[in-house]
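Let me begin by presenting the structure, written as structure tokens, before commenting on it.
Computed over heavy atoms, backbone and side chain alike; hydrogens, waters and symmetry mates excluded. Convention: sequence-line order gives letters A, B, ...; per-chain numbering from 1.
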Amino acid sequence: MSYQFSLGIDLGTSNSAIAVADFETGEVSIVEITQILAPNQIGEMPTLASALYIPNPQEFPDADVAVPWKSDDGIIGHFAREHGTLVPDRLVTSAKSWLSNPHVDPRKAILPWASEIPDEKLSPFECSRRYLAHLKEGFLHAGAAQGRSWDLDHGQIVLTVPASFDEVARNLTYEAAEAAGLKNVVLLEEPQAAFYAWTAQAGKDWRTQVHPGDIVLVCDVGGGTADFSLIAVTGKDGNLALDRISVGEHLLLGGDNMDLALAYTLRTRLEDDGKSLDDWQFLSLIHASRAAKVSLFLDPTLDQVAVTVPSRGSGLFAGTLATRLERATLEQVVLDGFLEMTQVTDVPVETGGTALQEFGLPYASDPVISKHLARFLTRSLKNVKASEALTALVSGRPGAIEGAYLKPSAVLFNGGVFKAEPVRQRVLDLLRSWNDGEAVRALEGDEPDLAVAKGAAFYGKNRATGQGLRIKAGTARSYYIGLESSMPAVPGFKPPVKALCVVPQGMEEGSDCLIEGREFGLVTGKPASFRFFSSEIRSGDVPGQILPNAERELEETSRIEVNLPVLEGFAEGQVIPVRIDSVVTETGNLELWMKHTASDQKWKVEFQVRTE
Amino acid sequence: MKFAAILLVILNAALLVPAAAPYLPFIVIASLFIAIVVLALAIATAPLPEPPTPVAEAVKPAPLPEKPKSDAKAEVVMLMGVLQEKGRFVDFLMEDIAPYSDADVGSVARSVHQGCKAALNEYFKIEAISPEGEGVTITVPAGYAADEFRLVGNLSGEAPFSGTVVHKGWRTTSVKLPRVLNADKDRLPVIAPAQIEVK
């Protein structure tokens, strides 16, 4: 197929963006997205708020909230979020986090979470499909308005996902894109997209800014999530090669937490003065705190910024609340609160103690990003040391793997939080302090809130044309199937679940791996289910390897199910011998197959959604 | 627009009344806001030709041609609605500020300023016509755009003219207002809806 353009889609937890790379002109540009800005008001914004509002049937005439294309998908974008925060029962946010939540079924209509509206609820999967459909139509609409009709059949679509997404969340995202009518979709990890955006923006110059032996930390902190990756730079025949060597865990912690913390601080101060705020005023206070934060971080000469919250009624004078945000308070709350100068041995505090927890999204319980970063670099070291191939990739940096953590030599910042120079500086100071005072340099990026979409479009171009840079990545995790141990029963002792490695870390797109020498007996005619595990720090494990205790070493990802029809020539219920064949498709999806040992017959194993 | 222009004249005239001295800063602020609206209205009703889009500019879809509903009056009301929503602009001007202290008015003006400024920055690209700064002597070349420079004082001879910048002037190079979806109703859209909290 001949591709004419690539479309990069950054489906974010709080905001989404799209960028197009036109192969004819070679340009990569952000496409502004048409959305409802208020009832009876429509316009374009560079990002689409990943928020969906389910209006009450009488609330707005259909024509007042109609997008220029056919859609029954509710209100999506800016107005959905603005209005929905005042009607929280009807607002869906963070659908992406629900998609990767191990405690719920992402295909079950559960959103808006904990709401009691009589209207039909939506599944996290359906919400993602609707956002993607909006982005697709918005892209086509923007093209049409410019007299350019894009044909999606000739477009390479690159959809970004957090590096921390496991296989189940990746597959669901992919399916949602297909259900939204997107074809030719490939998935790309967000930190990699940020790196592609950086190389595109630096132009030819990027090759002079990184050198063999560099280990680049991509530090991506968006509105609601933090995502880390490490990319190793090596030299081969005079060319630079890039390998993504480690990814972090899924972390629900980001810039929104910072704004909220500031707003809480200022609210306490207002309340100490005997004033009280209702919910609406508190929302205004969050907006005002964010604006004050931006002003102070942007202008180092300011000592303080006034923060005012207008009254809710039309009389501004009676109830306007005024306070101020001082630089010292800002630094204390944002820099010391979230990016405290901790030791590299300080790891996040896990919650415990309270037996009863409110059920919902698994937010990070420790807000100190420094500690999560320390944990990531410590685990990365463990991962790299587990495989000779990975150890060789970082051998160009002397001392990188000596000590308690893997030492990066450069940082690429991404995400809205890092628009603020003092926040970038704090991360650099932190890394320097861990690095015995030796500085870690920053790679200068651009537009940290739009870079992922641009980088995705750029990658799509490289991929479709077969030219330009590619980061070697492969699967971020290794995957395992649980095996019940056969042991004599002992009261009070549960035999450990053993794990068979079926997919090694770093398995590349378009490759497959048949596990030789191990056969499974599968019963025909009824579904059989297995436990499925993964790890992002066991780079040394090879297919066929058995781990003695899955629950201690690995994370449970999902259950998988296989249903073999009765085979010709076999009696019903007969056990037939199979081998496991794992495949990573060209588009980066993981598939598991059970292959009949004696014939060419094989059956696909389905990932079941995770429920507890 | 006529109303706003008249209000602007009245407020500017108030600057000359000595009794109005305590409210001077706020009259100035109010005049400024109205001036902004007059400017915005002028732009909204008679759009300037946009300069050619720079190459790396984001793709900005224009309203689709099959929906030529945009009614100038409805667009003006919508602009007021935007300033009200983001900066409580109409609330501020409709309120009688006489009974309040300068400190009260000042703190409210800050919040109005922040919101309206954000709205302006979002929908317009505004720049000074004469960026050299006020008080500086500049040369206005021959063939200057008559709408961009207002020459006052001792005006004789031919361009180029040399003179001191008294006011640096403002122009907008881009307008990106939201569009009204249904302007063909038999009444104008509202500026701000009444808000009712349902229990």
Between chain A and each of B:Met78, B:Glu122, B:Arg110, count heavy-atom pairs under 4.5 Å; write down the option with the most.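 When all of B:Met78, B:Glu122, B:Arg110 are compared, B:Met78 has the most.
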Is [X] close to chain B through its backbone or its side chain, or both, or neither, when contacts mean heavy atoms under 4.5 Å?
| X | result |
| --- | --- |
| A:Val307 | neither |
| A:Leu450 | neither |
| A:Ala63 | both |
| A:Arg148 | neither |

I'd like to know whether CG of A:Asp89 has more than 12 heavy-atom contacts from other residues, nucleotides or ligands below 6.0 angstrom.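 Yes, because the 6.0 Å sphere around CG of A:Asp89 holds more than 12 heavy atoms from other groups.
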Answer yes or no: is there a donor N or O on one side and an acceptor on the other, between the side chain of B:Asp91 and the main chain of A:Gly315, under 3.5 Å?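 No: the side chain of B:Asp91 does not pair with the backbone of A:Gly315.
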Counting distance only, does the side-chain N/O of A:Gln41 pair as donor-acceptor with the main-chain N or O of B:Arg179 below 3.5 Å?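 Judged by distance alone, no pair lies under 3.5 Å.
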Do you know which two heavy atoms are closest between [X] and [Y], and how far apart they sit?
| X | Y | value |
| --- | --- | --- |
| A:Thr308 | B:Ser107 | CG2-O, 3.5 Å |
| A:Ala291 | B:Gln114 | CB-NE2, 3.6 Å |
| B:Val105 | A:Phe317 | CA-CE2, 3.6 Å |

About how many Å separate [atom2] of [Y] and [atom1] of [X], when rounded to the nearest 0.5 Å?
| X | Y | atom1 | atom2 | result |
| --- | --- | --- | --- | --- |
| B:Asp104 | A:Leu316 | CG | CG | 11.5 Å |
| B:Glu197 | A:Asp278 | CD | CG | 7.5 Å |
| B:Gln195 | A:Ser314 | CD | OG | 11.5 Å |
| B:Lys176 | A:Glu32 | NZ | CD | 4.0 Å |
| B:Leu181 | A:Asp62 | CG | CG | 12.0 Å |

Please enumerate all residues that pass ring-ring contact (aromatic ring centres under 6.0 Å, His included) together with A:Trp280, with sequence neighbours excluded.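 Checked A:Trp280 against ring-ring contact (aromatic ring centres under 6.0 Å, His included); zero matches.
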Which salt bridge (Lys or Arg N to Asp or Glu O under 4.0 Å) pairs, counting each pair once, include a residue from residues 288-297 of chain A, with sequence neighbours left out?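 Of all non-adjacent pairs touching residues 288-297 of chain A, those that pass salt bridge (Lys or Arg N to Asp or Glu O under 4.0 Å) are A:Asp259-A:Arg290, A:Asp259-A:Lys293.
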